[in-house]
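One structure is given here, and the rest of the page talks about it.
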Amino acid sequence: MTVKTNTLGLVGGLSLLMAGAAWAEEPVDFYSYKITKTWDDVDPKIQAATRVNSFGCYAGCHRPSLEGVTDTVLPLLEGYDAQYMFDQWVDTDNRRKSGMSSEMKLFVYNNTIEEMEAIALYFAGQDRKWDPKPEVVASDSYARGQAIYDKDCKICHGDQGASEDPRYPHIKGQMPAYLFGQMVAYADYSRNTRDAAKMVPFARMYDEDDYKDIVAYLSGMFYKEAPKGEYITGIGMPAPKGFKMPDSGQIQNFTDDFGEDSDYIKNPLSYTVSESGLTTLDNNTQLMWERDSSRFWVDPVEARDYCEALELDGYTDWRVPLVKEAASIADLGDFRPAADTEAFLNMPRGSSGIWIFPVSDHPDHAWHVGFPDGHTMGQHSASTKLVRCVRADGGAAYHNNDFADNGDGTVSDRLTGLLWQQNIDYVRRNWDDALNHCQNLDYAGRTDWRSPNLKELMSIVNYNKQAPSIDETFFPNTPAELFFWSNSTHVAGPVHGFRPLLDRKKDQSEELMDRRGVHDSQKWMVDFQLGGAYGAIREFQAWTRCVTYDD
Amino acid sequence: MKNTFASIRALSWPALIIVAIIFGAVGLALALPASQTLRSLSKNEYCASCHTMEPVAETFAHSSHGGNNDSGFVADCVSCHIPKSNVVEELWVKGTSGARHLWGEYVTGITELDYDRLHDMRTEYVYDSGCLSCHKDIEPRAIAAAKQSDPSPADWTHAIAFEKKDTDSDWACSSCHIDIAHPGLKWNLIDRKYDALREAAAGGNN
Amino acid sequence: MKRVPFRFATIAACLAALGLTFVAVAATAQVQANSVTNNSTYDVRRYDDGARWGFVTDKHSTKVAVVDTFLPTDDPVVDVLEFEVVPAELAVSEVQNIIVYSDLKTPILYVYSLTSHEQWTMQLDIVPEALVFHSDGATLAIGGQDHVIILQPLSQTYVQELENIQSPFTMNFDGGGYNLYITEHNSGKTHIWRTHNDTWGALQLGNGGAVGEITLSPDARLAMVAQQDENSVYIWDLYMDRKFDSIDLQAPAFRPYVSSDSRHIILTDHDGNGRVVDAWTGETVREMDLGGAPRVVRTGWLETIGVVETDKHLSVFEIQAQTPAQTLPISGALNEVVVVADSKTLFATQDGSSEVLVMDIRTGEARAPIETGLKQPNHFAMGLTNTLCN
């Protein structure tokens with residue numbers, strides 16, 4: 001049986017972590033911080049909060065050790081030295097680049113150093129389960145792994161990986177796909193932070209078959225490869241004829257200050273459902289969508305094959321959507337699902353993520369848009385999502401920009417009709433200041449700047465490259481670290497166990513439309529390391545790139 | 001180092017002899033003043049006088065090799081970045097790297113170091129012979145300890161490294177001991193870059 | 001759309017052109033809903049929004065009333081579906097838009113599609129007594145005499161049969177669908193079936209004596225049962241793999257409930273004593289007199305309000321504040337009590353009435369009841385409600 005990826009839990013984890021959110025003040029303190037406390041030194045109030053926060057890690061992606069969920073590339077958190085865990089954690093913003101590390105970026109900034117320290121100490125005090133499978137222990141692979149391990153690994157990592165030396169991580173009982181992925185990352189130099197260089201020559205002494213054997217010995221489980229496939233990249237695909245950049249759909253108000261998403265209405269969401277009721281044309285993007293999403297959970301390879309085999313309304317050129325395409329049908333004025341439910345059917349409220357391409361910074365790292373709220377993030381390809389296929393005449397796609405450098409510090413995108421501030425000011429601000437900064441900006445002889453909405457900000461991401469995931473010819477020196485603000489708000493506001501569900505946008509009361517007094521809704525931002533879209537509290541300090549209509 | 005050294009070895013013997021004679025002659029002719037000049041050109045202050053080298057010097061000062069140690073010992077830049085082999089190679093490296101740095105600073109106008117590119121080629125400009133000229137006991141200790149039943153991880157790993165380092169650049173000293181004299185260099189460079197961009201933006205240079 | 005704030009209005013007065021822009025934006029945005037041109041000629045009667053459609057079964061007939069819980073009109077019964085047998089037990093998949101049901105008599109699983117209105121059956125070797133969907137909405141656990149059958153009703157695939165379980169028992173999937181918890185009522189012995197790799201774990205809930213139905217907190221962190229031979233509730237921390245607490249009550253404990261944000265445990269005993277316990281610290285948050293023997297516990301409105309059905313009334317109380325409970329009289333026992341996903345509205349079927357009771361739990365007051373047209377409304381089933389455990 002496949003296990004449905006726990007998007008519910010993930011977002012739950014997010015909100016748990018967000019609850020006491022703050023951010024590191026100065027990166028230098030953050031990256032060189034030395035833990036001197038023990039768990040017993042931690043203030044009892046912080047201990048209590050830490051138990052809740054650490055549970056957020058479980059509810060999100062990292063399963064508890066005792067469950068032994070093997071179809072994950074993510075590490076178990078229990079049993080590491082606290083300093084080691086802390087260091088690896090703070091490195092996940094564009095430093096440590098191996099496996100799915102980049103997905104941890106958001107979580108570096110949602111905690112204070114003190115909170116992170118407490119979480120690291122907490123997990124350091126938890127045991128990692130050792131439950132080798134009998135068939136693995138009896139295998140030749142396990143025996144070969146032991147021979148290699150005892151020869152070249154044991155001296156540092158201890159007996160079967162049960163290191164007691166804080167300089168060398170405890171790896172016994174760690175997840176097989178995680179261990180394998182890290183060995184590969186050492187060998188190809190992609191894991192190169194902290195003490196990683198010391199592992200590189202050892203990893204390079206062996207090949208992937210050896211890694212599988214070592215992994216069998218250390219985890220007591222066999223490494224299982226995640227589904228791998230060739231996916232479309234979007235490169236070279238022309239834009240649909242008549243493409244118009246759709247609005248975010250957000251029409252609710254969250255601030256007295258002018259400049260938020262709902263203050264700029266240009267191309268409201270607009271769809272036409274076909275006679276058969278099976279397909280929906282987006283009148284803005286000119287993309288034609290499968291009106292229903294699949295009722296089955298599929299991995300990315302199955303998603304690709306499903307669309308290739310699909311025939312609807314006489315069309316056979318269906319494919320899995322690209323990132324910006326899926327994000328373009330999100331309705332940020334709605335929640336669970338964040339999409340128009342007449343135009344798009346079978347959008348489950350509980351969990352409605354769909355796979356999208358291309359893959360991210362790792363072959364097993366595929367994107368999805370989660371339609372509970374319209375977030376875009378990566379997920380390992382061993383997990384399952386729904387699929388909703390798309391097509392456009394002439395093999396077109398909403399993926400590639402049509403940029404022109406105007407030579408005056410502005411960049412036009414002839415596809416979206418937007419004019420972008422080319423050179424940002426490299427000042428980190430909270431969300432409200434970002435809105436006002438753009439409103440007050442006098443730049444390149446113009447004063448009509450504003451903060452972009454989430455879809456607009458995502459439109460300049462280049463999903464075919466990383467760190468930064470933007471075309472540097474047009475947007476040089478774009479920080480891959482941290483995030484950029486949009487002017488859009490997480491419409492649901494604070495959610496408790498994903499309740500309450502709001503009325504649908506068209507039925508929302510005055511009270512739900514005018515939320516200026518409510519201060520705790522998260523704000524959307526985009527990461528230009530990979531291109532993910534996440535919410536953060538409005539006090540978060542992020543970069544700002546302003547935009548205006550190019551007319 | 002391999003590249004440089006290989007290029008030296010690639011020179012024919014007569015050429016090497018001629019180079020040696022020229023250096024020898026110049027050295028003899030200039031005697032004291034020359035060694036003074038060379039010495040002053042090898043001082044840390046001289047290396048740090050270039051704008052591009054500021055982050056390098058700044059991070060060096062925070063490192064154990066840069067004086068952040070109990071005895072106050074400060075290594076020379078050239079201790080690591082010029083080989084300790086023979087006068088020909090030493091002079092050759094000093095001359096070529098010095099010329100390259102001067103060229104970069106004053107002619108091509110490099111404003112910042114490309115950490116990622118330079119990091120990947122670190123074994124070409126951090127010389128094991130330099131490391132070992134101070135850390136003389138590492139090799140004999142490692143080789144002796146590795147023969148014992150319970151060597152320390154360091155001795156055991158060093159024994160492998162000494163066996164492989166001449167043929168496999170994954171096992172040079174700087175393969176594992178990264179940024180050992182310039183801790184946090186990459187992030188220092190990134191911070192400087194954003195600081196400079198922030199200042200430029202604040203100055204109205206759209 | 002934002003009303004133009006005062007200071008903008010002032011600026012607008014000075015800068016007429018700019019001001020007009022603001023006003024223009026305000027005026028146009030007022031009507032900016034999405035536009036959907038639906039050319040579909042296919043009338044489907046799709047009930048694929050799990051948080052909207054309530055399915056009310058009849059104790060004595062095969063009719064199932066479809067209720068629009070958004071209550072857009074005075075008559076929210078929009079359709080009556082015809083099932084093949086009287087659905088005595090049922091479950092709705094929010095993802096696959098199907099209802100699975102059993103008559104509690106025959107070893108057959110009945111399936112009804114809420115989008116195509118097709119029906120089909122799957123033959124079993126036990127009578128299905130309990131139906132629990134995995135969070136993927138595709139996989140169903142069927143509990144019967146000493147067995148659990150795992151299958152996928154939409155694709156009609158049999159997955160697995162789990163044996164060596166003693167009836168009676170209760171089953172719960174955790175929210176992520178990694179584990180199926182099966183607790184035997186006679187002993188508290190709990191089997192944990194790990195769905196991802198078909199391995200088993202075990203744990204003992206309680207002192208070994210008889211227990212009530214297992215309650216899993218919505219975050220699947222805590223598992224708890226009422227111990228029948230002690231006036232207590234036994235709580236296990238599944239993530240720490242150790243006992244969390246054992247809480248004594250004054251009388252035999254009713255089945256515990258956990259709020260959908262997993263922050264509070266609500267305990268009740270048969271004498272009508274209620275207690276709210278913090279799910280992280282184990283500390284008692286408040287105690288209250290429910291004024292009658294409890295039958296059902298629910299929570300809602302941002303998980304600040306608790307509702308307990310007693311034999312006399314619905315008792316509505318604030319979870320964290322020490323304010324007195326409000327009561328709403330009821331004429332007969334409630335068959336099924338549902339707080340829908342807006343967390344504000346409670347629907348309940350009631351013995352001796354063809355109507356569905358509706359209450360706004362924020363005010364504790366009844367709203368207009370819904371006439372179902374059924375003889376005796378029994379279940380009120382939905383794909384998604386505010387109740388994440390039980």
Side-chain angles (χ1 to χ4, degrees), chain A residues 1-4 6 8-9 12 48 51-52 55 58-59 63-64 66-71 249 251 253 256 258 262-265 268-277 295-297 331 336 340-343 345-346 348-351 384 496-497 499-503 505-507 513-514 516, chain C residues 1-2 5 8 22 25 28-29 32-42 44 46 48-51 70 94-97 134-139 150 154-155 159 175-179 194-197 199 218-219 221 239 241 260-262 280-281 301-303 341-344 384 386 388:
Chain A
M1 183 195 309
T2 56
V3 173
K4 184 181 72 69
N6 188 5
L8 278 168
R51 287 195 192 94
V52 181
F55 185 77
Y58 285 153
R63 297 307 297 171
L66 59 92
E67 278 184 359
V69 176
T70 51
D71 62 346
I251 56 174
N253 294 306
D256 283 338
F258 194 83
S262 56
D263 294 330
Y264 295 91
I265 305 287
L269 304 180
S270 171
Y271 306 101
T272 303
V273 177
S274 74
E275 269 185 40
S276 68
R295 288 178 161 66
F296 297 97
W297 298 89
D331 183 344
R336 282 190 181 269
D340 189 294
T341 47
E342 187 178 1
L345 300 175
N346 196 42
R349 286 165 177 265
S351 184
T384 57
H496 299 284
R499 306 298 190 276
L501 291 182
L502 308 176
D503 292 334
K505 184 169 80 174
K506 63 184 168 56
D507 301 323
M513 285 289 162
D514 184 358
R516 285 178 290 163
Chain C
M1 183 58 215
K2 178 175 306 166
F8 277 121
F22 286 139
V25 171
T28 50
Q32 285 310 343
N34 303 349
S35 114
V36 181
T37 309
N38 195 339
N39 296 327
S40 174
T41 52
Y42 179 54
V44 279
R46 291 175 62 122
D48 64 356
D49 182 345
F70 289 180
E94 200 236 336
V95 177
Q96 300 199 323
N97 313 316
H134 182 277
S135 59
D136 68 6
T139 306
I150 308 291
L154 182 60
S155 62
V159 178
Y178 295 98
N179 302 286
R194 309 226 186 269
T195 59
H196 52 90
N197 61 1
T199 57
D219 60 11
R221 185 174 67 90
Y239 281 71
D241 205 22
S260 75
D261 60 5
S262 299
W280 284 95
T281 63
W301 185 235
L302 294 170
E303 304 316 284
D342 70 4
S343 98
K344 299 169 195 166
L384 192 74
N386 192 58
L388 293 179

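None of these values were measured; they are calculated from a predicted model.
The two residues C/V95 and A/N346 come nearest to each other via the heavy atoms O-OD1, 3.0 Å. Closest of all the heavy-atom pairs between A/G350 and C/E94 is N-OE1, 3.0 Å. Contact between C/A51 and A/L501 at its shortest, heavy atoms only, is CB-CD1, 3.4 Å. Minimum interatomic distance between C/A33 and A/P268 (heavy atoms only, all atoms of both residues): O-CB, 4.4 Å.
Heavy atoms closer than 4.5 Å to chain A are found in both the backbone and the side chain of C/T41. In this structure, no portion of A/D503 lies under 4.5 Å from any heavy atom of chain C. Contacts between C/D219 and chain A at a heavy-atom distance below 4.5 Å involve backbone atoms as well as side-chain atoms. Within the 4.5 angstrom heavy-atom criterion, only side-chain atoms of C/R194, from C-beta onward, approach chain A. Proximity to chain C is limited to the backbone of A/S276, based on heavy atoms less than 4.5 angstrom apart.
Partners of A/E342 under the side-chain hydrogen bond (donor to acceptor under 3.5 Å, both in side chains) rule, at least two apart in sequence or in another chain, are C/N38. Remark: C/Y239 pairs with A/F55, A/Y58 by the ring-ring contact (aromatic ring centres under 6.0 Å, His included) rule, at least two apart or across chains.
Of the listed residues C/S35, C/A138, C/G50, the one with more heavy-atom pairs under 4.5 angstrom with chain A than any other is C/S35. Note: C/D48 leads C/D241, C/D48, C/T199 in heavy-atom pairs under 4.5 Å with chain A. Ranked by heavy-atom pairs shorter than 4.5 Å toward chain C, the options A/D507, A/L345, A/D340 are led by A/L345.
Going from atom NE2 of C/H196 over to atom CZ of A/R63 covers 8.0 Å, rounded to the nearest 0.5 Å. Remark: C/N34 CG to A/T341 OG1 distance equals 9.5 Å, nearest 0.5 Å.
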| request: For side chain to side chain contact (heavy atoms under 4.5 Å, CB included), just list the numbers for C/D49 and A/R349, CA-CA rounded to whole Å, side-chain angles, deciding distance to a tenth of an Å, and then say yes or no. | output: CA-CA 8 Å; C/D49 182 345; A/R349 286 165 177 265; 2.4 Å; yes
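Without hydrogens or angle criteria, C/W280 side chain to A/V52 main chain gives no donor-acceptor distance under 3.5 Å.
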